[in-house]
Amino acid sequence: MVADRDAPGRLVPKALEAGVAGCREEVRTAHPGGGRPVHVLEQSLPRDLRDLRRGIRQRTIYQHTVRSGLTTPPTSSG
(Lines give C-alpha, C1' and ligand atoms only; values in the text may rest on other atoms or scores of the structure.)
Protein backbone atom coordinates (compact mmCIF):
# COMPACT_ATOMS: atom_id res chain seq x y z
CA MET A 1 0.00 0.00 0.00
CA VAL A 2 1.33 3.44 -0.90
CA ALA A 3 1.34 5.91 1.97
CA ASP A 4 -1.20 8.73 1.75
CA ARG A 5 1.04 11.65 2.71
CA ASP A 6 -1.83 14.11 2.80
CA ALA A 7 -3.73 12.20 5.44
CA PRO A 8 -1.62 9.74 7.48
CA GLY A 9 -4.58 9.03 9.76
CA ARG A 10 -6.48 7.60 6.79
CA LEU A 11 -4.17 4.61 6.24
CA VAL A 12 -5.98 2.24 8.58
CA PRO A 13 -9.50 3.15 7.39
CA LYS A 14 -8.38 2.77 3.77
CA ALA A 15 -6.87 -0.64 4.52
CA LEU A 16 -10.10 -1.71 6.27
CA GLU A 17 -12.21 -0.51 3.35
CA ALA A 18 -10.04 -2.45 0.91
CA GLY A 19 -10.23 -5.62 3.00
CA VAL A 20 -13.97 -5.44 3.57
CA ALA A 21 -14.63 -4.65 -0.09
CA GLY A 22 -13.29 -8.11 -0.94
CA CYS A 23 -15.50 -9.92 1.57
CA ARG A 24 -18.15 -12.25 0.26
CA GLU A 25 -19.85 -13.54 3.40
CA GLU A 26 -18.83 -12.14 6.77
CA VAL A 27 -16.69 -9.55 8.53
CA ARG A 28 -15.49 -10.27 12.06
CA THR A 29 -13.91 -7.57 14.19
CA ALA A 30 -12.76 -7.14 17.77
CA HIS A 31 -12.54 -3.77 19.47
CA PRO A 32 -10.45 -3.52 22.63
CA GLY A 33 -11.11 -0.76 25.10
CA GLY A 34 -14.33 1.14 25.59
CA GLY A 35 -16.91 2.49 23.21
CA ARG A 36 -16.07 3.89 19.80
CA PRO A 37 -15.75 7.70 19.42
CA VAL A 38 -18.56 9.42 17.52
CA HIS A 39 -16.33 10.36 14.56
CA VAL A 40 -15.29 6.71 14.11
CA LEU A 41 -18.91 5.57 14.11
CA GLU A 42 -19.83 8.30 11.62
CA GLN A 43 -16.99 7.27 9.31
CA SER A 44 -17.81 3.58 9.45
CA LEU A 45 -21.61 3.78 9.10
CA PRO A 46 -21.78 4.30 5.30
CA ARG A 47 -19.32 1.43 4.71
CA ASP A 48 -21.15 -0.86 7.12
CA LEU A 49 -24.55 -0.12 5.57
CA ARG A 50 -23.17 -0.67 2.07
CA ASP A 51 -21.77 -4.04 3.10
CA LEU A 52 -24.99 -5.08 4.85
CA ARG A 53 -26.89 -4.26 1.63
CA ARG A 54 -24.48 -6.57 -0.20
CA GLY A 55 -25.47 -9.35 2.20
CA ILE A 56 -22.26 -9.33 4.25
CA ARG A 57 -22.79 -10.42 7.86
CA GLN A 58 -21.00 -8.36 10.48
CA ARG A 59 -19.94 -9.74 13.85
CA THR A 60 -18.19 -7.50 16.35
CA ILE A 61 -16.74 -8.36 19.74
CA TYR A 62 -16.53 -5.53 22.25
CA GLN A 63 -15.07 -5.64 25.75
CA HIS A 64 -17.50 -5.30 28.64
CA THR A 65 -16.42 -1.65 29.08
CA VAL A 66 -18.52 -0.75 26.04
CA ARG A 67 -21.61 -0.95 28.22
CA SER A 68 -20.55 2.26 29.91
CA GLY A 69 -19.45 3.97 26.67
CA LEU A 70 -21.39 7.07 25.71
CA THR A 71 -21.30 6.62 21.94
CA THR A 72 -21.45 2.91 21.14
CA PRO A 73 -25.08 1.72 21.19
CA PRO A 74 -25.97 -0.46 24.20
CA THR A 75 -27.35 -3.17 21.90
CA SER A 76 -23.82 -3.88 20.64
CA SER A 77 -22.63 -5.07 24.05
CA GLY A 78 -24.81 -8.01 24.45
Side-chain angles (χ1 to χ4, degrees):
M1 175 179 257
V2 176
D4 182 350
R5 293 171 201 234
D6 295 328
R10 290 282 306 150
L11 289 178
V12 170
K14 282 185 176 186
L16 288 172
E17 288 174 23
V20 172
C23 287
R24 292 186 226 162
E25 295 179 22
E26 182 175 80
V27 174
R28 296 180 187 184
T29 58
H31 296 279
R36 305 288 84 181
V38 170
H39 75 278
V40 170
L41 295 173
E42 290 173 347
Q43 288 173 354
S44 65
L45 183 60
R47 179 190 64 232
D48 292 346
L49 291 175
R50 181 178 59 242
D51 295 331
L52 289 170
R53 286 187 201 106
R54 289 190 316 138
I56 306 297
R57 290 185 306 269
Q58 186 173 36
R59 299 175 188 263
T60 305
I61 299 171
Y62 290 98
Q63 288 184 334
H64 69 282
T65 54
V66 130
R67 292 183 192 141
S68 62
L70 298 176
T71 57
T72 304
T75 55
S76 65
S77 64

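For Arg24, there are no salt bridge (charged side-chain N to carboxylate O under 4.0 Å, His left out) partners two or more places apart in sequence or in a different chain. With sequence neighbours excluded, the residues that form a salt bridge (charged side-chain N to carboxylate O under 4.0 Å, His left out) with Arg59 are Glu26.
For Leu52, the CG atom counts as densely surrounded, since its 6.0 Å shell holds more than 12 non-hydrogen atoms of other residues, nucleotides or ligands.
Screening residues 41-51 for salt bridge (charged side-chain N to carboxylate O under 4.0 Å, His left out), with sequence neighbours left out, gives Asp51-Arg54.
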